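Keep in mind that this is a model prediction, so the values were computed, not measured. Because only heavy atoms are used, hydrogens play no part in the values below, and waters and symmetry mates are left out as well, while side chains stay in.
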Amino acid sequence: MKRVLLIGSGGAGKSTLARKMSKQLNITAFHLDKLLWKPNWQMTPKPEQAIIVNNLVRQDIRVAAGASRY
């Protein structure tokens, strides 16, 4: 397995599943909400989001979870 991307609606359980998968498989999980939201729930601007996501997918990531809005 190289990568798993979990996407879906808010509250669907993506982060919970990512945590469980990463623990059981002993792999790293990344949560897009933690990477793309700034303090006070300010969304990172789209150009900056693209840089963050592009840098993330270049890594040897294992599990990434995020809402379908990205």
Side-chain angles (χ1 to χ4, degrees):
M1 172 180 66
K2 285 287 185 184
R3 296 182 176 126
V4 176
L5 176 61
L6 305 171
I7 58 172
S9 301
K14 301 171 300 294
S15 294
T16 299
L17 180 58
R19 278 191 298 276
K20 289 180 180 183
M21 288 178 69
S22 68
K23 184 177 180 180
Q24 181 149 359
L25 300 172
N26 195 31
I27 58 178
T28 303
F30 294 89
H31 302 277
L32 295 177
D33 280 346
K34 290 181 181 177
L35 298 171
L36 299 178
W37 285 97
K38 296 183 179 215
N40 298 316
W41 292 105
Q42 295 297 312
M43 180 56 104
T44 301
K46 293 286 184 186
E48 193 176 333
Q49 286 183 31
I51 292 168
I52 291 168
V53 172
N54 283 331
N55 288 334
L56 182 63
V57 297
R58 285 189 182 106
Q59 298 179 35
D60 189 23
I61 62 171
R62 300 298 189 199
V63 180
S68 56
R69 67 181 175 273
Y70 301 117

Path from I52 to W37 over hydrophobic side-chain contacts below 4.5 Å
yes
Would you name the heavy atoms of A18 and A29 that are closest together and state the gap between them?
O-CB, 3.9 Å
Can you list the residues that meet the side chain to side chain contact (heavy atoms under 4.5 Å, CB included) rule with K38, with sequence neighbours excluded?
Q42, T44, P45, E48
For the hydrophobic clusters of this structure (ILVMFWY residues joined by side-chain heavy atoms under 4.5 Å, transitively), does one cluster hold both M43 and F30?
yes
Joint cluster assignment, I51 & L36, ILVMFWY side-chain distance < 4.5 Å:
no
Per the ring pair (Phe, Tyr, Trp, His ring centres under 6.0 Å) rule, what does the pair list look like for residues 3-22, sequence neighbours excluded?
none
Selection residues 20-29 - residue pairs positive for salt bridge (Lys or Arg N to Asp or Glu O under 4.0 Å), sequence neighbours left out
none
L6-L25 co-clustered via ILVMFWY side chain contacts under 4.5 Å:
yes
Just by distance, do the side chain of K14 and the backbone of S9 share a donor-acceptor pair under 3.5 Å?
yes
For N26, does the CG atom have more than 12 heavy-atom neighbours from other residues, nucleotides or ligands under 6.0 Å away?
no
Report yes if the side chains of L32 and I7 come closer than 4.5 Å at any heavy-atom pair, otherwise no.
no
